[in-house]
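All remarks here apply to the structure that follows.
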Amino acid sequence: SFGAADVALSSTFAAITFFAGVAIGALLQRAGNLVLAFQAALLFSILLVGGVTLFGPDPEVLFAPVIEELAEVLRASGATSEQVAVVAGWGGILFAAAVFSQVMGPLLLAAWWISAASGQTRFGKEFRALKLGRFLGIVATAIVALGLVFPTGLVQNLSALALAGFVLQGLAILHAWAHAKRWHLGFIAPVYVLLVTPLMVVVLLALAALGL
């Protein structure tokens, strides 16, 4: 059973998801192409995460149940208390990841759906052309650099979001290389398979470095 606070929180997230979907559809129509929509969506995500971190509810509290589950899994697998303590501070990073997935996932799906419904094949071309652009690229690079120096919650949350943007750009570059070199899809498939293995973190860092 849900308490009043759980119902209110669930309703809030449901409303945010609904209006985000409508906004993403309008964004794609307004931008006219996936590249501009991607840049606008990432900028919006950065502003949202920054605003909530500064003025909204504490992400550590919002994601406390998820963090506790992760901690229990680590304890069961024989993790040390130091490793469990690291996970305890992941609330802000999980919030940034949730915002990124809730914005970018529907954006890419909607772009693919629109392309398929209209009988066009432009999605692949636009995805391979994904880029942060000069302004957003400089901002994201500066945020990542600050994240290596300052351990504050705001900087770390934004750094995680910027890295996620570079991961997506890295994937676009990988697909662009494969398309230019006429690689078989079998060369790229292992990357996606590794994303659901214990090597996920290594692959994400490699893609972020490629995107950067």
Side-chain angles (χ1 to χ4, degrees), residues 5-6 8-28 30-31 34-70 86-112 127 130-133 135-147 150-172 195 200-201 203-205 207-208 211-212:
D6 295 321
L9 183 60
S10 299
S11 301
T12 299
F13 276 111
I16 291 173
T17 301
F18 173 77
F19 286 111
V22 175
I24 286 169
L27 175 61
L28 277 170
R30 183 80 174 181
L34 181 59
V35 177
L36 289 177
F38 165 67
Q39 294 173 358
L42 182 59
L43 181 59
F44 167 78
S45 299
I46 290 174
L47 294 175
L48 176 62
V49 170
V52 171
T53 302
L54 289 174
F55 308 110
D58 187 355
E60 303 290 342
V61 177
L62 288 176
F63 287 87
V66 178
I67 293 173
E68 183 57 33
E69 289 184 10
L70 288 175
V86 171
V87 174
W90 281 8
I93 294 176
L94 289 176
F95 172 65
V99 170
F100 186 82
S101 61
Q102 287 291 320
V103 172
M104 292 302 173
L107 175 66
L108 295 176
L109 180 60
W112 172 82
F127 181 81
L130 278 187
K131 58 182 179 180
L132 276 70
F135 169 75
L136 199 55
I138 291 174
V139 171
T141 302
I143 291 173
V144 172
L146 290 173
F150 299 101
T152 61
L154 175 62
V155 175
Q156 293 302 313
N157 296 349
L158 293 181
S159 180
L161 193 56
L163 284 173
F166 282 124
V167 166
L168 198 53
Q169 183 167 266
L171 273 175
L195 287 174
M200 177 184 67
V201 175
V203 176
L204 289 176
L205 289 176
L207 288 172
L212 184 60

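All values below come from the heavy atoms of this structure, side chains included, with hydrogens, waters and symmetry mates left out. Count residues from 1 along the sequence.
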Are the side chains of Phe38 and Met104 in touch, meaning some heavy atoms are under 4.5 Å apart?
yes
Which is it for Phe100 and Val49 under the side-chain contact (heavy atoms from CB on, under 4.5 Å) test, yes or no, and what are the steps along the way?
CA-CA 9 Å; Phe100 186 82; Val49 170; over 6 Å; no
Does Gln156 reach the main-chain N or O of Ile93 with its side chain, forming a donor-acceptor pair under 3.5 Å?
no
Would you give the length of the straight line joining atom CG of Leu161 to atom CG of Leu42, rounded to the nearest 0.5 angstrom?
5.5 Å
In this structure, CG of Leu34 is separated from CZ of Phe127 (nearest 0.5 Å) by 8.0 Å
CG/Leu108 to CG/Leu171 distance, rounded to the nearest 0.5 angstrom?
10.0 Å
Using every non-hydrogen atom in the two residues, find where Ala162 and Val144 come nearest and quote the distance to one decimal.
CB-CG2, 3.8 Å
Separation of Leu107 CG from Ser101 OG (nearest 0.5 Å)
12.5 Å
With heavy-atom distances below 4.5 Å as the criterion, would you say the side chains of Lys131 and Leu136 are in contact?
no
Roughly how far, to the nearest 0.5 Å, is CG of Asn157 from CD1 of Ile46?
12.0 Å
Looking only at heavy atoms, which two atoms of Val167 and Ala208 are closest? And how far apart?
CG2-CB, 3.8 Å
Taking all non-hydrogen atoms of both residues into account, name the closest pair between Leu154 and Gly50 and its distance.
CD1-CA, 3.8 Å
Heavy-atom side-chain proximity of Ile143 to Val155 below 4.5 angstrom
no
For the residue pair Leu132 and Phe166, what are the closest heavy atoms and their distance?
CD2-CE2, 4.1 Å
Enter the distance from Gln169:CD to Leu212:CG here, rounded to the nearest 0.5 Å.
8.5 Å
Of all heavy-atom pairs linking Ala96 and Ala160, the shortest is CB-CB, 4.4 Å
